[in-house]
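Below, chain A is the first sequence line, B the second, and so on; all start at residue 1. Computed from a prediction, not measured in an experiment: that's the story for all the values here.
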Amino acid sequence: DGGITQSPKYLFRKEGQNVTLSCEQNLNHDAMYWYRQDPGQGLRLIYYSQIVNDFQKGDIAEGYSVSREKKESFPLTVTSAQKNPTAFYLCASNSAMSYGNQPQHFGDGTRLSIL
Amino acid sequence: DAKTTQPNSMESNEEEPVHLPCNHSTISGTDYIHWYRQLPSQGPEYVIHGLTSNVNNRMASLAIAEDRKSSTLILHRATLRDAAVYYCILRPASGGSYIPTFGRGTSLIVHP
């Protein structure tokens, strides 16, 4: 079945360490997104990409970086500059064709904690 | 971008219908109304969407007001597995510079 795979499910980061969260989709979607969710809050957009080799900052991009070298993959790196990285990270994708008439698909998330 | 307003929480009893409201008074003519739900420690899951007419699928029904300034997600018989946070968002017909955002949604509590 087609879908979005995020890994790992749980991740721990040490002080000063960069960590990378993986997101892979086999839905042939052009657009991919990274969100951060804090307890009891909605989803805040970190970065998004509408096409390979291009991406845009969302509302809270500071301390994060992304790449989009392949259509299927959109990894997120949480850098040491992100001082409060503990959160639930969600990757999503959707088709760029008939945008509003297509659902957005989400992965099952990665929970990042500080050691 | 058009915003939506939802109650923070609602409660229901098992096997009773649930009506989850959403206000979107600034909706444009080409915005689709989407509903998603999120179970604890999982990513949001698509529920239903519509443009002008009411919609039904195996999960729920979507009732859209005639002026499109509000909509209601209807769960016909709530189960304990329906306890989740429900998000109502608007998505334009063509993406362009649109950035999908999710607010806090409505937390649905289902009592046995």
Can [Y] be reached from [X] by stepping across I, L, V, M, F, W or Y side chains whose heavy atoms are under 4.5 Å apart?
X	Y	answer
A/W34	A/L11	yes
B/M10	B/M59	yes
A/V66	A/Y35	no
A/F106	B/V85	yes
A/Y64	A/L112	yes

Tell me if the CD1 atom of A/I51 is crowded by more than 12 foreign heavy atoms within 6.0 Å.
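No, CD1 of A/I51 has 12 or fewer neighbouring heavy atoms, counting only those of other groups under 6.0 Å.
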Item to complete: Could you tell me whether A/Q41 atom CD has more than 12 heavy atoms of other residues or ligands within 6.0 Å of it?
Response: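 Yes - once you tally the heavy atoms of other residues, nucleotides and ligands closer than 6.0 Å, there are more than 12.
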Would you say [X] and [Y] make side-chain contact, with heavy atoms under 4.5 Å?
X	Y	result
A/L43	B/P44	yes
A/L90	B/Q42	no
A/Q104	B/F102	yes

Please classify the contact between A/R111 and chain B as side chain, backbone, both or neither, with a heavy-atom cut-off of under 4.5 Å.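 Side chain of A/R111 only, per the 4.5 Å heavy-atom cut-off to chain B.
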| Part of B/E45 lying under 4.5 Å from any heavy atom of chain A |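 B/E45 has no heavy atom closer than 4.5 Å to chain A.
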Using every non-hydrogen atom in the two residues, find where A/Q102 and B/H34 come nearest and quote the distance to one decimal.
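It is O-CE1, 3.3 Å.
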Heavy-atom pair with the smallest gap, counting every atom of B/Y46 and A/P103:
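That would be CD1-CB, 3.4 Å.
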So, A/N101 and B/R91: side-chain donor and acceptor under 3.5 Å apart, yes or no?
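The criterion, which ignores hydrogens and geometry beyond distance, is not satisfied for B/R91 and A/N101.
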**Q.** A/K9 side, atom NZ; B/S41 side, atom OG - distance, nearest 0.5 Å
**A.**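 Taking NZ in A/K9 and OG in B/S41, the distance rounds to 7.0 Å.
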